[in-house]
Amino acid sequence: MNIGRFWHRAPNVFGLILFAIFLAITPLWVQSNYLLSTAIFIGIAAILTLGLALLMGYAGQISLGHAAFYAMGAYTSAILTVKFAYSPWLAMALGVLITGTLAYLIGKVIFRLSGHYLALATLALGVIVFLALGEFRGLTGGPSGLPGVPQLTIGGFSFDNDVKYYYLVWAVFWLLLAFSLNVVNSRIGRALRAIHASEIAAESVGVDASRFKLRVLVLSAVYASLAGSLYVHYMRFVSPQPFDFNASVRLVVMAAVGGLASVWGAPFGAAAVILLTVLLRDTLPFFIKNASGEHTVIVYGVILVLIMIFMPEGLTSGLLKRRRWPSFRSKK
Amino acid sequence: MAILQIEKISKQFGGVAALKDVSLDVEEHRITALIGPNGAGKTTLFNIVAGTFPPTAGAVRLAGQLLNGMQAHERVQLGIGRTFQNALLFDNMTVLENVMVGCHPRSHTGIVACGLRLPAMRREEEFIYLEAMKYLNLVGLGLHTDELASNLPFGQQRLVAIARSLAAEPRLLLLDEPAAGLNALEKMDLIDLVRRIQEMGVTVLLVEHDMTLVMQLAEWIAVLDAGRKIAEGTPAEIRRNRQVIAAYLGEEEA
Amino acid sequence: MPDYGFGDYLQFVLSGLSTGSIYALVALGIVIIYSVTGIINLAQGEYTMLGAMFAVTFYKWGLPLPLAFAASVIVVILIGMLIERLTVKPVRSASPVTLIIITVGVSIIIRGVALLIWGATPYSLPEFTPGAPLTLFGAILSRQRLWIMGVTALVLALLYYLLERTLLGKALRACAINQTAASFMGVSPGQMSLLSFALSAALGAVAGIVIAPLTLVSYNMGLMLGLKGFVAAVIGGLVSAPGAVIGGLLLGVIESLSAGLISSGMKDAIAFLALFVVLLWRAEEVTPRLRSLLRRQSEVEG
């Protein structure tokens with residue numbers, strides 16, 4: 001009986017091991033610094049997407065301002081380390097605390113309403129945070145940003161090159177993925193899937209739907225905050241531009257491409273969108289005269305609409321044609 | 001002693017009165033049936049007891065405790081379980097997982113403990129699994145655990161729904177038309193199951209249209225017609241009650 | 001703070017009302033689509049951009065301004081209908097999350113295509129009746145602002161007539177109240193969905209064209225206007241047409257006053273703060289209604 005139940009989890013455990021091996025050996029064959037740095041950005045985006053996929057796929061809620069949570073992590077780290085000389089790790093922890101608390105307060109009120117209102121509230125939050133970053137110059141440096149963010153170090157070890165940072169980012173992602181898989185395959189994950197299937201039935205067996213949605217919102221905000229901190233310590237600089245409305249939309253695209261039915265989709269969604277953007281930015285000017293980075297957004301608009309119409313469960317699960325939910329459970 | 005007291009409940013939908021001044025005491029450990037012609041307000045009364053929507057007037061008490069203003073999920077914690085006419089299973093989950101969700105009110109692990117798979121969480125998962133299996137075996141579906149709930153025939157989906165409600169260990173179980181669509185043999189099994197549930201110490205209140213089944217199973221019957229309670233009593237009393245006969249003749253043959 | 005007189009305040013309010021008219025038109029489009037189809041159309045702002053862009057283009061081709069205006073509105077209506085057929089019709093029963101994402105995708109595509117066609121440099125459209133600004137009790141008001149308010153009033157009157165006095169409008173409203181019941185009465189929800197998109201596109205286009213002479217017309221002007229329209233629609237309750245108009249005007253005045261009295265940089269932030277506050281406030285007010293709606297539905301099921 002217990003062995004049988006272990007096999008339910010086995011695909012996830014093996015998946016995590018294989019994924020860890022893949023991540024570990026990638027820098028051995030990827031020699032280009034450009035690609036390695038792209039891989040770091042993919043890792044950061046994957047952390048963000050992971051949280052968003054949990055929120056959208058499991059809690060059935062959409063955040064159109066996720067970049068705000070990302071920005072809060074990034075700016076908390078940057079401001080505390082640059083202006084107040086805090087330890088980066090302490091700043092990162094405080095970022096998580098602040099962002100999580102704010103997400104909790106927002107969700108507390110908004111989850112009494114339907115999904116539309118959460119979408120609009122997060123959208124407003126995203127725009128407000130973005131505008132505030134540009135306005136409060138004293139603290140944030142305004143539109144021109146805040147330079148001089150220190151490197152991350154542990155004892156005497158410093159994450160001072162791309163290879164080291166690659167391992168750091170992807171290790172964080174891997175841990176969060178394992179954490180998320182455990183949550184999904186627990187009473188909390190079951191409660192969330194129950195809410196997704198029928199909120200009335202879920203309430204009838206004692207599941208407090210709004211409380212669980214709220215927890216997932218906080219969890220996804222915490223992931224976003226961590227991603228923000230990792231981002232600024234890599235760039236050593238922060239400005240408002242990466243946290244605008246388009247950034248939030250891009251995150252939704254990544255989550256949608258990766259698939260909302262499984263947390264495994266997050267790294268694929270992030271990788272697909274970032275690689276496509278890089279590819280288009282480098283090749284589009286050959287086809288369209290005067291094409292700029294902005295034009296690449298048409299392509300993601302088209303991808304987004306097509307996926308949502310034809311494979312609303314997302315590209316990865318759509319292609320795998322898995323009908324069971326969540327994927328990677330045992331086959332009958 | 002009455003475990004459930006329904007006191008002067010009225011419910012208006014828009015201008016339409018679905019229930020008018022309905023009072024009913026459900027005795028503990030007794031199987032009580034709520035009958036009445038279509039549209040009499042039986043399901044509405046269930047929904048008010050379960051907390052799906054509030055009554056326009058009146059009060060509901062469970063073992064003396066006032067339930068007014070409590071949400072559905074809070075009432076489950078206090079010991080009210082219910083099933084729906086159309087089962088309303090979680091279609092995206094297996095039979096076992098459906099019943100495991102039923103254990104929700106009796107488990108407590110938080111999101112961090114779940115994410116880290118702490119020993120307490122593993123112990124609780126084991127407990128949830130064993131409990132779910134226990135109730136699946138009770139309803140006779142112990143061999144269908146890994147089936148997707150939506151793939152089962154409708155009669156069995158109902159049983160899963162009953163197991164799911166029982167997994168929360170309710171004191172009072174509300175069954176909404178559990179026999180609809182069942183064949184004669186399945187109805188026999190259902191009667192047997194409800195009696196076993198009663199033996200476990202759970203009080204059962206059911207809405208049912210099948211009179212033969214109600215007369216066999218129920219120890220006390222309340223009759224609703226057009227939103228009013230027109231009679232209550234033992235099956236023998238109800239069978240003789242002129243008002244009940246009239247209400248049913250107006251609608252269908254009794 | 002500068003020393004303001006009555007004329008200054010009047011000016012803030014009047015210019016706020018004219019900007020608010022634009023928000024009101026955009027908000028009305030959002031409300032119409034939401035009421036009829038249940039879709040939060042985040043691409044609504046793009047119709048204003050398209051309206052302005054096409055008007056500029058037709059005007060440049062040598063069409064007289066009124067004709068360019070009309071032609072542009074028609075083209076945008078066709079685009080709105082095309083979008084409905086291509087992206088909304090195939091997924092009528094999809095989840096709210098899916099539908100929102102689709103409209104976000106549509107808005108990205110429209111903006112990108114506009115960039116491709118018209119480029120990043122902004123265009124301008126002449127005022128409808130050029131001339132010196134008018135003075136009213138010390139408030140200085142450009143003629144175009146009067147046009148904005150006048151056209152908005154006209155559009156609102158037409159819309160009122162359409163919704164309240166014609167069979168088509170009644171069908172549309174029936175669909176918004178109860179789709180199933182409406183379809184029993186012979187109203188096709190699919191056609192009403194198409195009509196709602198056409199109407200919203202028209203409202204958006206008109207808004208874009210009348211504001212064009214005051215702002216520069218560029219491919220990304222729709223984003224902010226659309227978002228502001230949302231704020232206005234939510235202030236008005238998201239399902240009420242008069243609410244959307246009041247919400248729009250209110251937002252315009254709040255913005256204009258805060259730009260004049262606090263700082264113009266914070267103007268946008270204040271608009272979104274307003275959205276936030278309204279959402280929180282509505283949470284208390286809307287919840288019971290939503291719940292009873294939800295529960296009545298369960299009653300039908302159960």
Side-chain angles (χ1 to χ4, degrees), chain A residues 56-57 60-62 64 106 108-121 123-132 134-135 196 198-201 245-246 248-250 252-253 255-256 260 288 290-292 294-310 312, chain C residues 34 38 40 42 86-87 90-91 94-113 115-116 119-120 219-220 223-224 227 230-231 233-234 238 263 265-276 279-280 282-284 286-287 290-291 294-295 297-298 301-302:
Chain A
M56 286 165 62
Q61 306 295 314
I62 181 175
L64 286 172
I106 294 165
K108 187 90 187 147
V109 182
I110 295 304
F111 278 135
R112 299 181 188 180
L113 297 168
S114 64
H116 291 329
Y117 284 91
L118 179 74
L120 294 176
L123 188 155
L125 177 77
V127 179
I128 292 169
V129 168
F130 175 70
L131 292 171
E135 281 298 314
H196 201 95
S198 163
E199 205 162 316
I200 293 169
F245 179 64
N246 284 326
S248 293
V249 170
R250 200 156 44 231
V252 173
V253 179
L260 303 179
I288 301 168
N290 302 326
S292 68
E294 283 266 16
H295 289 102
T296 60
V297 302
I298 305 177
V299 179
Y300 354 126
V302 174
I303 293 173
L304 190 59
V305 171
L306 290 179
I307 288 176
M308 282 294 122
I309 292 177
F310 296 108
Chain C
Y34 182 68
I40 294 273
L42 286 174
L86 288 181
T87 65
V91 288
S95 74
V97 171
T98 307
L99 290 168
I100 288 190
I101 299 176
I102 288 176
T103 66
V104 170
V106 168
S107 77
I108 296 175
I109 297 172
I110 296 177
R111 219 176 307 141
V113 171
L115 178 66
L116 213 57
Y219 77 100
N220 58 9
L223 184 63
M224 235 350 157
L227 295 180
F230 261 101
V231 179
V234 172
L238 210 51
S263 107
M266 288 307 281
K267 183 185 78 166
D268 291 337
I270 284 167
F272 287 95
L273 223 52
L275 172 59
F276 221 72
L279 278 172
L280 300 195
R282 284 210 105 75
E284 302 300 328
V286 177
T287 309
L290 256 160
R291 270 193 194 283
L294 206 81
R295 282 168 181 184
Q297 209 170 5
S298 79
E301 282 173 32

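Proteins get letters first, then strands, A, B, ... in listed order; numbering begins at 1 in each.
Heavy atoms closer than 4.5 Å to chain C are found nowhere in A:Phe130, neither backbone nor side chain.
Here A:Ile309 contributes atom CD1 and C:Leu86 contributes atom CG; the two are 7.5 Å apart, rounded to the nearest 0.5 Å. A distance of 11.5 Å separates CD1 in C:Ile110 from CD1 in A:Ile298, rounded to the nearest 0.5 Å.
Scanning for salt bridge (charged side-chain N to carboxylate O under 4.0 Å, His left out) contacts around C:Arg111 gives C:Glu46, with sequence neighbours left out.
Checking each of A:Val249, A:Val253, A:Ile62 against C:Val104 for a side-chain contact (heavy atoms from CB on, under 4.5 Å) leaves exactly one that passes, namely A:Val249. Each of C:Thr98, C:Thr103, C:Leu99 was evaluated against A:Met308; a single residue qualifies, C:Thr98, per the side-chain contact (heavy atoms from CB on, under 4.5 Å) test.
The closest side-chain heavy-atom distance from A:Leu123 to C:Phe230 is not below 4.5 Å. Contact annotation: the side chain of C:Ile100 approaches that of A:Leu64 to within less than 4.5 Å [non-hydrogen atoms, C-beta and beyond].
Considering every non-hydrogen atom in both A:Val305 and C:Ile102, the closest pair reads CG2-O, 3.8 Å.
Heavy-atom pairs under 4.5 Å with chain A peak, among C:Val113, C:Ile40, C:Val106, at C:Ile40. With respect to chain C, the highest number of heavy-atom pairs below 4.5 Å among A:Leu304, A:Ile106, A:Leu125, A:Val127 belongs to A:Val127.
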